[in-house]
Amino acid sequence: MKKIIFLVFFAFILMNCQQKETTVIFKKYDETFALKEQQSHPKKRMQFKLIQSKFLDMNQVFEPFQKELSYFSEEDYQSLKPLILEQNIPSLQKSVKAGTLTYEKLTLFYLYRIRKFESDSTLSLNSIIALNPNVLREAREKDQQKKNVSEVSMFGMPILLKDNINTKEMPTTAGAVALQNNFTKSDAFIVEKLKENGALILGKVNLSEWAYFFCSGCPVGYSAIGGQTLNPYGRAVFETGGSSSGSGAAVAANFAVAAVGTETSGSITSPSSQNSVVGLKPTIGVFSRSGIVPISSTLDTPGPMTKNVLDNAIFMNAMLGFDKDDKASKEIKADYLQNGFRNNFEGKKLGVLKSLLSDSIYASTVNQLKKSGAEILEITPPEISFNGFLTLLNIDMKYDLPAYLKNHADTSMISIKNIQDIIKFNQKDSLFRAPYGQQLFEGILKDSTSLDGLELVKSNLNNEGIKFLQALKDENLDAILSINNYHSGMAAVAIYPTLTVPMDYKKSGEPVSLTFIGLPFSERNLLEIGYAFEQLTKVRKMPKNYQ
């Protein structure tokens with residue numbers, strides 16, 4: 001009898017051990033050969049020192065979903081693909097209304113898909129840093145509350161956040177080991193707004209560490225916490241763009257309905273362009289920055305990154321709100337979708353940069369726009385000075401980051417208080433914490449510009465940016481057309497919005513986007529032009545290995 005009991009007990013233990021073993025889906029792989037090959041990449045900052053994170057265990061990230069995912073099969077996943085992949089928000093909401101989809105199934109689909117690709121060493125993008133452990137429960141709650149949900153609502157839509165945006169459910173790291181345990185007590189203001197509008201926070205995505213104001217000449221999309229983000233259109237071949245690298249890669253790979261990025265200068269337009277998604281960097285003041293790890297209170301803003309323009313407008317509406325704690329926040333009553341968008345260029349006047357017409361894709365696009373009824377004006381902006389731009393970022397971050405750490409970080413778990421503390425912390429284990437160095441942080445300490453001097457720098461840069469884009473006012477243009485993030489710096493210092501929409505692909509397969517620059521608070525107009533352009537060209541295609 002004792003022998004039988006022992007055998008049963010042993011079998012039980014063995015079964016449990018085997019069960020635990022099967023939950024280890026994410027395995028570290030030997031990246032020696034891949035890194036060796038990478039050293040021959042023609043772009044120096046693409047010559048990676050490492051790819052996988054030394055700090056993140058994705059098995060732990062997926063631990064809360066083991067039970068639900070064990071009941072969700074490959075057959076379930078395949079059957080839902082036509083309803084979800086590349087579908088816009090109205091289509092998803094229609095499927096939910098028709099009963100062919102639920103918010104829970106939609107969320108399970110994305111969790112399964114993320115696990116499927118991120119656990120494959122030949123396809124992983126290192127785009128995910130954290131997942132909301134409560135998201136399936138929240139999705140089920142949304143299914144119980146889904147009466148009279150608008151087709152143009154974010155209600156029940158799983159979205160991802162760049163990991164410099166505070167959420168109560170997950171740590172906010174900015175990709176840095178120093179913030180690995182930054183479990184904030186409150187959400188960022190825009191996260192509160194998204195939740196009020198019914199959005200589901202699926203998780204956090206990788207980014208260029210400290211929003212790419214940390215190391216000099218280092219790879220975009222790298223962070224110590226998340227590892228090296230890779231581009232789904234060409235893993236380790238094309239750059240992901242930065243600093244909202246994970247947001248761009250994850251949206252392109254259909255890991256969520258949409259993602260939030262942040263921009264100081266090009267950090268939404270660059271990864272949106274590189275990953276063939278739609279990204280909008282709004283005018284400063286449209287969206288709150290409270291609870292977001294900063295670089296510059298002068299230039300920082302969050303913005304939506306989506307697979308199409310329509311979703312971008314819906315997402316914009318869901319983040320909107322006046323924040324009394326953000327000195328730049330404006331009371332805006334806009335509806336970025338209104339009654340939909342016109343699908344033509346009637347009455348639209350667009351500025352084309354002569355210096356870019358030597359680019360065959362840009363020139364061909366301009367020709368298409370001309371044939372489609374847009375009035376085209378070729379312009380040559382004046383030469384401008386960008387002197388002081390680094391100083392602006394240095395001094396803003398010198399003061400803005402300590403303010404975040406004091407007022408919005410988890411001070412019970414985080415000991416760092418300023419830039420100097422972070423540098424010292426990283427020096428204790430620089431090989432893992434800062435393998436590419438921390439030259440920009442060191443530069444912040446060396447910059448002795450006074451606050452009065454900073455105001456002069458800001459004023460001069462703002463004037464120079466406005467001067468470069470003066471044709472918008474002088475010629476009554478609806479937008480100036482650029483490529484990717486070529487002129488994001490000018491738009492940033494002018495405090496002008498930009499909208500990036502997929503334009504084409506190079507012969508190599510690398511995505512290229514058209515960027516529309518408009519006057520302050522002209523986001524609705526930019527979206528309408530972007531929508532007409534998107535419908536005219538319909539160039540966006542899924543990355544072939546992620547279909």
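Predicted model, so just to flag it, every value in this text is computed and none were measured.
Classification of the Tyr112-Tyr77 ring pair by plane angle, with boundaries at 30° and 60°, yields tilted. Ring planes of Phe155 and Tyr103: perpendicular class, angle over 60° (limits at 30 and 60°).
When each of Thr306, Thr500, Leu526, Val501 is checked for a side-chain contact (heavy atoms from CB on, under 4.5 Å) with Asn312, only Thr306 meets the rule. Applying side chain to side chain donor-acceptor pair (under 3.5 Å) to Lys162 and the options Asn206, Thr262, Thr172 leaves one that passes, Thr262. In summary, of the residues considered (Glu263, Met319, Glu523), a side-chain contact (heavy atoms from CB on, under 4.5 Å) with Pro282 occurs for Glu523 alone.
Proximity of Leu320 to Tyr336: side-chain heavy atoms (C-beta onward) are separated by under 4.5 Å at one or more points. Within the 4.5 Å cutoff, no side-chain heavy atoms of Phe516 are placed close to those of Ser522. Using a 4.5 Å cut-off on side-chain heavy atoms (C-beta onward), Gln228 and Lys49 make no contact. Contact of the Leu469 side chain with the Tyr496 side chain is registered, since non-hydrogen atoms from C-beta on lie closer than 4.5 Å. In this structure, the side chains of Ile268 and Met305 come closer than 4.5 Å at one or more pairs of heavy atoms. With contacts defined as side-chain heavy-atom distances shorter than 4.5 Å, the pair Lys541/Pro502 does not qualify. At least one side-chain heavy atom of Leu299 sits under 4.5 Å from a side-chain heavy atom of Phe389. Ile314 is listed as a side-chain neighbour of Pro90, based on a closest heavy-atom distance under 4.5 Å.
Of the inter-residue distances, the one linking Asp163 atom CG with Ile129 atom CD1 reads 4.5 Å to the nearest 0.5 angstrom. Distance check, rounded to the nearest 0.5 Å: CG of Leu481 to NE2 of His487 gives 11.0 Å. How far CG of Leu161 is from CG of Leu194: 7.0 Å, rounded to the nearest 0.5 Å. We find the CG-CD1 distance between Asn367 and Ile376 to be 9.5 Å, quoted to the nearest 0.5 Å. Distance OG/Ser127 to CD/Glu118: 4.0 Å, rounded to 0.5 Å. The line from CG of Asp478 to CG of Asn476 is 7.0 Å long, rounded to the nearest 0.5 Å.
Asn88 and Ser91 share a donor-acceptor pair across their side chains, judged by distance under 3.5 Å alone. Counting only N and O atoms by type, the side chains of Ser267 and Ser243 include a donor and acceptor under 3.5 Å apart.
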With side chain to side chain contact (heavy atoms under 4.5 Å, CB included) as the test, would you mind laying out the steps for Phe109 and Leu101 before giving the verdict? CA-CA 11 Å; Phe109 175 89; Leu101 187 63; over 6 Å; no
Would Glu86 and Lys307 count as a salt bridge (Lys or Arg N to Asp or Glu O under 4.0 Å) if you check the C-alpha gap in whole Å, the side-chain angles of each, and the deciding distance to 0.1 Å? CA-CA 7 Å; Glu86 292 294 293; Lys307 291 183 284 293; 5.5 Å; no
Walk me through it: do Asp326 and Phe189 pass the test side chain to side chain contact (heavy atoms under 4.5 Å, CB included)? CA-CA 10 Å; Asp326 180 353; Phe189 185 90; over 6 Å; no
In sequence, state the C-alpha distance, the side-chain angles, and the governing distance for Gln274 and Glu510, and then conclude on side chain to side chain donor-acceptor pair (under 3.5 Å). CA-CA 7 Å; Gln274 286 295 126; Glu510 185 174 13; 3.1 Å; yes
Going through the checks in order, is the side chain to side chain contact (heavy atoms under 4.5 Å, CB included) test met by Ile190 and Ile292? CA-CA 9 Å; Ile190 59 162; Ile292 300 177; 4.3 Å; yes
Starting from the C-alpha separation in whole Å, work towards a yes-or-no answer on side chain to side chain contact (heavy atoms under 4.5 Å, CB included) for Arg524 and Met316. CA-CA 10 Å; Arg524 159 71 200 189; Met316 288 280 289; over 6 Å; no
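The two atoms that bring Gly242 and Ser270 nearest to each other are N-OG, 3.3 Å, heavy atoms only. Between Glu528 and Arg342, the closest heavy-atom pair is OE2-N, 3.2 Å. In terms of heavy-atom proximity, Gly156 sits nearest to Leu200 at O-CD1, 3.3 Å. The two atoms that bring Arg113 and Met542 nearest to each other are NH2-CE, 4.1 Å, heavy atoms only. Between Ala236 and His41, the shortest heavy-atom distance links the atoms O-CD2, 3.6 Å. Closest of all the heavy-atom pairs between Phe345 and Ile529 is CE2-O, 3.9 Å.
The main-chain N or O of Thr240 is found under 3.5 Å from a side-chain atom of Asn275 such that the two form a donor-acceptor pair. Checked by atom type and distance alone, the side chain of Asn484 never pairs as donor or acceptor with a backbone atom of Ser273 at under 3.5 Å. Checking side-chain atoms of Thr283 against main-chain N and O of Val286 turns up no donor-acceptor pair under 3.5 Å. One N or O on the side chain of Tyr546 and one on the backbone of Leu123 form a donor-acceptor pair closer than 3.5 Å. Counting only distance, with no hydrogens or angles, the side chain of Gln38 and the backbone of Met46 share a donor-acceptor pair below 3.5 Å. Proximity of a side-chain donor or acceptor of Tyr212 to a complementary backbone N or O of Cys218 within less than 3.5 Å is detected. Judged by distance alone, with hydrogens and angles left aside, the side-chain atoms of Tyr362 form a donor-acceptor pair with the main-chain N or O of Leu353 at under 3.5 Å. Between the side chain of Asn485 and the main chain of Ser488, no donor-acceptor pair closer than 3.5 Å is present. A distance-only check finds no donor-acceptor pair linking the side chain of Arg45 to the backbone of Val220 [under 3.5 Å]. Side-chain N or O atoms of Asp300 include one that pairs as donor or acceptor with a backbone N or O of Ile295 at under 3.5 Å.
Electrostatic pairing of Glu464 and Lys467 counts as a salt bridge here, judged by a charged N lying under 4.0 Å from a carboxylate O. The pair Glu74-Lys116 meets the salt-bridge criterion, since a charged nitrogen lies less than 4.0 angstrom from a carboxylate oxygen. Under a 4.0 Å N-O distance rule, the pair Asp396/Lys458 qualifies as a salt bridge. Between Arg540 and Glu534 no salt bridge is recorded (no basic side-chain N to carboxylate O distance below 4.0 Å).
By the salt bridge (Lys or Arg N to Asp or Glu O under 4.0 Å) test, Lys333 pairs with Glu331, sequence neighbours left out. Every residue was checked against the side chain to side chain donor-acceptor pair (under 3.5 Å) condition with Ser247, not counting sequence neighbours, and none meets it.
Remark: Lys330 is not positioned above the aromatic ring of Phe521, lacking an NZ or CZ atom under 6.0 angstrom from the ring centre and at most 45 degrees off the axis.
More than 12 non-hydrogen atoms from other residues, nucleotides or ligands lie less than 6.0 angstrom from NZ of Lys81. Within a 6.0 Å radius of CD in Gln78, more than 12 heavy atoms belonging to other residues, nucleotides or ligands are found. For Asn148, the CG atom is loosely surrounded, since the number of other residues' heavy atoms within 6.0 Å does not exceed 12.
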